[in-house]
Novice: 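Pasting a structure here, questions to come.
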Amino acid sequence: MASLRDIKKRIDSTTKMKKITKAMEMVSASKMNKAEQNAKAFVPYSEKMQEVVASIAKNTDASHPMLQTREVKKTGYIAITADSGLAGAYNANILRNLRNTIEQNHKSSDEYTVIAIGRMAVDFCKKRNVPMARSIIGLPDQPSFATIKDIASETVQMYSDGEIDRLVIIYNHYVSAISQVVTTNQLLPIENMDVSGSSSQYEYEPGEEQILAVLLPQYAESLIYGALLDAKASEHAARMTAMRSASDNASDLIDGLSLTYNRARQAAITQEITEIVGGASALE
Amino acid sequence: MKTLTVSVVTPDGPVLEDTYEMVSCKAENGELGILPGHIPLVAPLSISAVRLKRESGEEKLAINGGFLEVRPDKVTILAQSAEKPLDIDVARAQAAKERAERRLQSKEDHIDRVRAELALRRAANRLNVAQS
């Protein structure tokens, strides 16, 4: 049985650990709230964008490379992960999904490339020699559109230049604070546009084709940004949940240890009394 | 006087929503002036200042990219960024302008001229709006 001092030490260190995880939980909770607000602030923009693009796509037969499916020689995957761990299965889920998708769809590494967002995805690709076209780490917790603009437009440019023929994004969709679902979406070419909500007929200035040429890249960029905001909210939620369960585990551990400690203390006292009584009776 | 509702939306959230009498802006192929009752229209905007007019005066916004959607009683501007004069960081815009100018002047080949030019136009537009 561990000595009293050893148990005491363990209780102390677990208490300290609990303080840390508790603090991290609260930090993540506040970040999650902000991330959720950011995601909400983005909704009007994306809805309007979607509406206009859909109405143009529906009412005209103007064509644009981004609306046409072409033979897929190379697929680009955008994987959004966090920069650090301690977020439960958040990163692992994304990377597992990425690996499975690649294994199922591709035979050689010429057929795909990864745009890695977040240190975990970057490290994963480096370690496994997955071809990586772009990478970005150190995104702020509340990314503004300007911070992601470059990588988004470069990625969309890769599609326009014919470097990739299909663009898929893998990220954690934020359902609620305790539930995040790995989502795989095809961004480009744009398919299955929801055209039900758009009823208005527009004049186009200068012309439909030119508008599409301007609008579609922006639309694709906004989709990437939307996914990133969603992923950030998920990340903070996942981290909050992970830290909460860590704090709960620490509490359990402390309870168990305190019980052992008290038992050991009691045993030591009992033993002392027995010894004294034994000593006293030996003198009689 | 008839008015129209103008809302300016960016990916970082709505910037402005109010009623005005006239919107004038610079589309890719020329100036556009929108009055209430305009036919539905969609036009891409260039990096420029959007002027919003009403009786009490005129307001300006620095718009970067995006497009304009017009309906008879409502104008929506979707831009990648939109700033009111007070929100513009003049020092930063000035620095960005100088950086872009330096880049354009240097003779090296590896510089992305298109990007530098866009950056220059954005910075100049911001300064223009902030100072007027």
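Computed from a predicted model, the values in this text were never measured in an experiment. We use all heavy atoms of the structure for the numbers below, so side chains are in, but hydrogens, waters and symmetry mates are not. Residue numbers start from 1 in every chain, and the chains themselves are labelled A, B, ... in the order their sequence lines are given, proteins ahead of strands.
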Novice: Under a 3.5 Å cutoff, is there a donor and acceptor pairing between the side chains of A/R239 and A/S84?
Specialist: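 Indeed, the side chains of A/R239 and A/S84 share at least one donor-acceptor pair under 3.5 Å.
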Novice: Taking side chain as everything from C-beta outward and backbone as N, CA, C, O, which of these in B/L41 sits under 4.5 Å from a heavy atom of chain A? Side chain, backbone, both or neither.
Specialist: both
Novice: Considering only NZ, NE, NH1 and NH2 on the basic side and carboxylate oxygens on the acidic side, decide whether B/E69 and A/K48 come within less than 4.0 Å.
Specialist: yes
Novice: Taking 4.0 angstrom as the limit, do B/R54 and B/D18 come out as a salt bridge?
Specialist: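 Salt bridge flag = yes for B/D18 with B/R54.
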Novice: If you count the non-hydrogen atoms of other residues, nucleotides and ligands that lie under 6.0 Å from CD in B/E55, is the total more than 12?
Specialist: no
Novice: So what's closer than 4.5 Å to chain B heavy atoms on A/S222: side chain, backbone, both or neither?
Specialist: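 For A/S222, there is no contact with chain B at all, as no heavy atom is under 4.5 Å.
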Novice: In plain terms, say whether A/E163 and A/K74 are close enough for a salt bridge, that is, a side-chain N and a carboxylate O under 4.0 Å apart.
Specialist: no
Novice: For A/I117, does its backbone N or O pair with a side-chain atom of A/T81 as donor and acceptor, under 3.5 Å?
Specialist: yes
Novice: Quick check against the 3.5 Å criterion: does A/N172 have a side-chain atom that pairs as donor or acceptor with the backbone of A/A231?
Specialist: no
Novice: With a 4.5 angstrom heavy-atom cut-off, which part of B/D12 approaches chain A: side chain, backbone, both or neither?
Specialist: both
Novice: What part of A/Y225 gets closer than 4.5 Å to chain B, counting heavy atoms only: side chain, backbone, both or neither?
Specialist: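 A/Y225 touches chain B through side-chain heavy atoms alone.
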Novice: Side chain, backbone, both or neither: which part of A/K40 has an atom under 4.5 Å from a heavy atom of chain B?
Specialist: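 No part of A/K40 comes within 4.5 Å of chain B.
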Novice: What part of B/S81 gets within 4.5 angstrom of chain A, counting heavy atoms only: side chain, backbone, both, or neither?
Specialist: neither
Novice: Please rank A/L215, A/V43, A/N38, A/V214 by heavy-atom pairs under 4.5 Å with chain B and give me the top one.
Specialist: A/L215
Novice: Against chain A, label B/T10 side chain, backbone, both or neither, depending on which of its atoms sit under 4.5 Å from a heavy atom there.
Specialist: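 B/T10 touches chain A through backbone heavy atoms alone.
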Novice: Side chain from CB out, backbone as N, CA, C, O: work out which of these in A/E221 comes under 4.5 Å of a heavy atom of chain B, or both, or neither.
Specialist: side chain
